[in-house]
Asker: 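Dumping the structure here so I can ask a few things about it.
Indexing begins at 1, ligand by ligand and atom by atom, following the structure's order.
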Amino acid sequence: MVDAGPFGALRIAPSILAADFGALAREVERIDAETDWLHIDVMDGHFVPNVSIGPPVVKSLRPYSARFFDCHLMMSDPGRYLEAFRSAGANGCTVHVEVGGTEGLIADARALGLRVGLAANPDTPFERVAPFLGDIDLLLLMTVFPGFGGQSFMAAVLEKVSQARAEVDRAGLELDVEVDGGIDESTAPLAVGAGANVLVAGSAIFSRADPLVAARTLRAAALGARE
Ligand code: DX5
Ligand code: ZN
């Protein structure tokens, strides 16, 4: 089993959505030294207006990385595919609270031995995810509307990140708080300052001339905000 690491530790999770799909294995290997988790964006063309990748790609990538595979399921019916992702080599699966059936999805993911994540869109209030915080390992707060990489960070979500962190600390929960969308060296410190500890970044890593240097810069910026 791939270790996810301690709850609350700072983690950089490069999103392969922004990588060259024709050379994914090479891209993943290239960024390995600065990868804590590898973020894999799954889009079904229904929950979000875009289609990306599915279990076969996860399976193909698995031999090229020993990192934690953090699968973000932007799908209307994620329950149908949890087992396929698990068998393909996913370590964690995150489902969206907006699709409903959350309790059952969490139980199914848990039964499969997956680390369990719950995601909320920018306009979904904290109250929607609050009842589940004790049952999940990861809360993903989207800082853009899901569906596409390269969008601008929505600073309004920072308040929700702070709310989540306050509740995690108050209740002493074992929970990671992840942000996804528009994270770069200038927005990462804001998210970390508000209480996020897992940073997903696509464009700010893979669209740069040297992804490894870009990821290192991102980590340094994030660490600065934790001092
Ligand atoms: C958006 C995805 C993100 C995306 C982030 O729907 O969930 O993971 O890849 O891309 P950037 O970092 O470019 O905003
Ligand atoms: Zn994502």
Asker: Any nitrogen or oxygen of G202 lying under 3.5 Å from a nitrogen or oxygen in ligand 1? Just yes or no.
Answerer: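 Min N/O separation from ligand 1 is below 3.5 Å for G202.
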Asker: Can you tell me if S60 uses its side chain to pair, donor with acceptor, with the backbone of P56 under 3.5 Å?
Answerer: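 Indeed, once roles are kept as given, a pair shorter than 3.5 Å links the two residues.
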Asker: Whether D70 and R11 form a salt bridge (side-chain N of Lys/Arg under 4.0 Å from carboxylate O of Asp/Glu) is what I want to check.
Answerer: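 Looking at D70 together with R11, the answer is no, because their closest N to O distance does not fall below 4.0 Å.
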Asker: Against ligand 1, does A204 come closer than 4.0 Å with any heavy atom?
Answerer: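 So A204 does not count as touching ligand 1.
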Asker: Could you work out, for atom 8 (O) of ligand 1, the closest of L140, I205, D180 by heavy-atom distance?
Answerer: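 Answer by nearest heavy atom: D180.
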Asker: Identify, by name, the N, O or S atom of H72 lying closest to the Zn ion (ligand 2).
Answerer: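 The closest N, O or S atom of H72 to the Zn ion (ligand 2) is ND1.
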Asker: Report yes or no: does G182 have a heavy atom closer than 4.0 Å to ligand 1?
Answerer: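 So G182 counts as touching ligand 1.
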Asker: Tell me whether R86 is salt-bridged to E83, with the criterion being a basic N under 4.0 Å from an acidic carboxylate O.
Answerer: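 No, R86 and E83 are not salt-bridged.
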Asker: May I ask you to list the atoms of ligand 1 that are less than 4.0 angstrom from any heavy atom of H39?
Answerer: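 The list of qualifying atoms is 8 (O).
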Asker: How large, to 10°, is the angle at the Zn ion (ligand 2) when you draw lines to OD1 on D41 and to NE2 on H39?
Answerer: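 D41 OD1 and H39 NE2 form an angle of 90° at the Zn ion (ligand 2).
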Asker: Would you call R26-E29 a salt bridge at under 4.0 Å N-O?
Answerer: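 Looking at R26 and E29, the cut-off is not met.
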Asker: What do you reckon, does M43 have a nitrogen or oxygen under 3.5 Å from a nitrogen or oxygen of ligand 1?
Answerer: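 No; the residue has no nitrogen or oxygen that sits under 3.5 Å from a nitrogen or oxygen of the ligand.
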Asker: Taking the hydrophobic residues Ile, Leu, Val, Met, Phe, Trp and Tyr, and joining any pair whose side-chain heavy atoms are under 4.5 Å apart, which ones share a cluster with L140?
Answerer: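 L140 clusters with M142, V144.
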Asker: Check each atom of ligand 1 against the heavy atoms of G181 and keep those under 4.0 Å away; list them by number with element.
Answerer: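 What qualifies from ligand 1 is 14 (O).
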Asker: For the 3.5 Å polar cut-off, considering only N or O atoms, please tell me whether V200 and ligand 1 meet it.
Answerer: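 Looking only at distances, the answer is no, because the N/O contact criterion of under 3.5 Å is not met.
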Asker: Measure from the Zn ion (ligand 2) to every N/O/S atom of D180 and report the name of the nearest one.
Answerer: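 The D180 atom nearest to the Zn ion (ligand 2), restricting to N, O or S, is OD2.
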Asker: For ligand 1, which atoms, with element, lie under 4.0 Å from some heavy atom of M142?
Answerer: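 That gives atoms 7 (O) of ligand 1.
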Asker: Ion pair present between D44 and R80, side-chain N to carboxylate O less than 4.0 angstrom?
Answerer: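 R80 and D44: not salt-bridged.
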